[in-house]
Amino acid sequence: MKILVINSGSSSIKFQLWNMDNHTVLCTGLIERIGLDDGIFNYRPDEGETTRDVLPIPNHTTGIKLLLDRITDKNSGVIPSIEEISAVGHRIVHGGDKITKSELMTPEIIQIVKEASSLAPLHNPPNLAGIEAIEQLLPGIPNVGVFDTAFHSTMPPEAYIYPLDYKYYTEHGIRRFGFHGTSHNYVALQGAKMLGIAPDKFNCVTCHMGNGVSLTAVKNGKSVDTTLGFGTMCGVMMGTRAGDLDPAIILHLQDVLGMSTKEVNNLIYKESGLKGISGLSNDARDVDEAAQKGNERAILALKLFAHGARKYIAALASDLGGRLDAIIFTAGIGENSINLRKMCCQGLEVLGAYLDTEKNTVRGKQAVISTTDSPVKILVVPTNEELMIAMDTERIVKAL
Ligand code: ADP
C-alpha cells in the first residue's frame, strides 16, 4: 500500500510518499513560499537527482497539483499513476478536547478541527487547506488526520486541569493539551521494541528536544503528563521560547515596563530561550560551539536548558507509578547534541539512570547510551513523525 503523507503549513507543504509494504520512502519534497510568485518546489525521489524549481505557487491546491504531477512524471516520478496512492495521511496540530486518536477526515471530524482553530490559528487552517486540496484533486481517496494533541488525551484531570477558578476549564476550555504527540508516541513504541518490553507495559519519559521542546511521562504506553500545555510556551526553555515563566513577570512587563501584548508575545516566543540567554543564536549547534570556546552566556544558556530538562525528567518520572524503564532522547537536539544529552543526564543517577559517556558519543541513530548495569535505560531514538502518520493512516484505511 502506498500512502502520501502531508504536513501542510501556512506557506509550505512537506510531503513524503511511503511504500508501506516495506516501510520505505519513495520520495520526499518541500513546497515553500506558497502564495508568492517565486514559490519553490523541492523534490527528491529515492533514486535520482534532487531538484529545485522556482515558480508561482498561488495556493495549496496548486502546490499539491504540482506534487501529484511530479510523483507520477514519466522521468522523475516514482509511481506510474495517482491510482497507486491508497490514502493520504495529514499532520494536524490541534484536535481540541474532542479528538483522542487519529481519525478518518469525515465532514464531522473536519468540523471539529475547524472549531479547534481558535486554539491553533496558525496551524489548523493550513492543515485543513491541505485536506481540501486533496479532496479536490483526488476525490474519493481517504484522508486521515493524525493529531499532535491526540496522544496526550489519556492524561488524567490532575495533569491537564490548571488550578484557576474551575469555571475557566468548564466554561472556557482552558486546559493542558500537550503537543508533539506523534513524536512522543513513535519514540515510546520504538523504545519498547528496542528493550523487548510490550508497548502497553512500557514506562518512560520521552524528551522531544528540537526547536520546540516537550517532555512526556508515558505509562503503560500512554501519555500521563507532558510539559507543553494550553499553548506551546511552557516547560523547558526552547530555541527562542522561554518555556516556564512566573506569570508575574508578564504582568510586570506590561504594567511596569509598559510593554504591549504584542511586544511581550515577541519577547517570550521569539527572543528568549537559547537565543535570548546566549545572545548568539537559537541553534543549539552554534550555542554549543560557542560554549566549547568558553563563551559565558552560551555556557549559561546550556546550563539553563539542562537544568530545566533534568527537573522535568525527575518530576515526570514520579508520574509512572514507581517504575521507570527508560529515558528517551529525540528530535534535533535529543538525537544529536552529545553535550546537551550529557548535561541533561547529570544527577539523574538519583532515578537509577546512569549515562555511559562513551556510548553517548552517537548522533542521529538509535542507541542505548546508559551503562550496561544501569537500572533505567537511556536511549536515543530518531523520531519519524511521517512514518507514524503513514502507519496510523494504513491501519485506519485497512479497517474501512
Ligand atoms: P524542529 O522542531 O524545527 O523540527 P529539529 O528537530 O530539526 O527542529 O531540531 C532543531 C534543533 O536541533 C536546533 O536547535 C539544532 O541546533 C539542533 N541540532 C541539530 N543537529 C545538531 C547537532 N549536531 N548538535 C546539536 N544540536 C543539533
Side-chain angles (χ1 to χ4, degrees), residues 5-16 28 30 32 42 91-93 120 122-123 126-127 146 148-149 178-187 190 206-216 226-228 231-243 269-293 295 297-299 301-306 308-309 328-345 357 360-367 369 380-389:
V5 173
I6 285 184
N7 182 352
S8 175
S10 58
S11 66
S12 72
I13 300 170
K14 285 187 202 147
F15 65 92
Q16 290 190 350
T28 63
L30 171 64
E32 299 171 278
N42 303 284
R91 180 210 180 196
I92 302 182
V93 166
L122 300 180
H123 294 100
N127 296 163
V146 178
D148 277 18
T149 48
F179 297 89
H180 301 135
T182 311
S183 174
H184 290 293
N185 189 6
Y186 178 79
V187 300
Q190 286 298 114
T206 49
C207 307
H208 178 105
M209 298 174 162
N211 276 313
V213 174
S214 71
L215 277 53
T216 295
T226 190
T227 59
L228 286 181
T232 55
M233 234 311 286
C234 54
V236 181
M237 74 183 232
M238 314 180 206
T240 60
R241 280 173 265 169
Y269 279 93
K270 303 223 169 97
E271 299 297 334
S272 299
L274 289 174
K275 182 180 177 193
I277 297 295
S278 71
L280 296 169
S281 166
N282 63 307
D283 191 307
R285 273 167 296 205
D286 301 337
V287 180
D288 213 0
E289 209 180 297
Q292 306 291 346
K293 291 183 187 142
N295 181 303
R297 294 251 310 262
I299 295 170
L302 298 183
K303 280 187 178 167
L304 253 88
F305 184 99
I328 304 181
F329 287 95
T330 193
I333 294 174
E335 291 166 27
N336 296 297
S337 179
I338 294 163
N339 188 30
L340 268 174
R341 272 199 311 254
K342 184 170 147 207
M343 292 174 72
C344 290
C345 288
T357 48
N360 183 41
T361 55
V362 65
R363 285 189 212 277
K365 58 177 188 226
Q366 215 166 277
I369 57 170
V380 175
V381 179
T383 195
N384 195 335
E385 286 156 288
E386 293 78 11
L387 175 57
M388 190 76 228
I389 293 171

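Everything numeric in this text was worked out from a predicted model, so none of it was measured. Start at 1 and go down the list; that is how both ligands and their atoms are numbered.
Residue contact check: R363 has heavy atoms under 4.0 Å from atoms 23 (N) of ligand 1. Using a 4.0 Å cut-off to heavy atoms of S337, the atoms of ligand 1 that qualify are 24 (N), 25 (C).
There is no side-chain donor-acceptor pair under 3.5 Å between T216 and H180.
Residues A291 and L302 come closest through the heavy atom pair CB-CD1, 3.6 Å. Closest of all the heavy-atom pairs between P382 and Y186 is O-CE2, 3.6 Å.
In terms of N/O distances under 3.5 Å, ligand 1 is approached by I333. Taking any N or O of D283, backbone or side chain, at least one lies under 3.5 Å from an N or O belonging to ligand 1.
Looking at R341 and I369, their side chains come closer than 4.5 Å, going by heavy atoms from C-beta outward. With a 4.5 Å cut-off on side-chain heavy atoms, I328 and H184 do not count as touching. Two residues are said to be in side-chain contact when any heavy atoms from C-beta on lie closer than 4.5 Å; N7 and F15 fail this criterion. Side-chain atoms of S337 and M209, non-hydrogen and from C-beta on, never get closer than 4.5 Å to each other. No side-chain heavy atom of M237 sits under 4.5 Å from any side-chain heavy atom of V213.
Under a 4.0 Å heavy-atom criterion, D288 is not in contact with ligand 1. The shortest separation from a heavy atom of G212 to ligand 1 is under 4.0 Å, placing the residue in contact.
The nearest protein atom to atom 24 (N) of ligand 1, hydrogens excluded, is given as R285 CG, 3.5 Å; this is a heavy-atom distance. For atom 2 (O) of ligand 1, the nearest protein heavy atom (residue, atom name, distance) is N211 N, 3.0 Å. Remark: minimum distance from atom 14 (O) of ligand 1 to any protein heavy atom is reached at A284 N, 3.2 Å. Among protein heavy atoms, atom 23 (N) of ligand 1 sits closest to N336 CB, 3.4 Å.
Comparing G332, G334, P382 against atom 6 (O) of ligand 1, the shortest heavy-atom distance belongs to G332.
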Quick one: do R285 and E289 satisfy salt bridge (Lys or Arg N to Asp or Glu O under 4.0 Å)? Show the steps, please. CA-CA 6 Å; R285 273 167 296 205; E289 209 180 297; over 6 Å; no
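When heavy-atom distances to ligand 1 are checked against a 4.0 Å cut-off, M209 has no atom that comes that close, whether in backbone or side chain.
Atom 4 (O) of ligand 1 is not flagged as protein-proximal [any protein heavy atom, distance under 4.0 Å].
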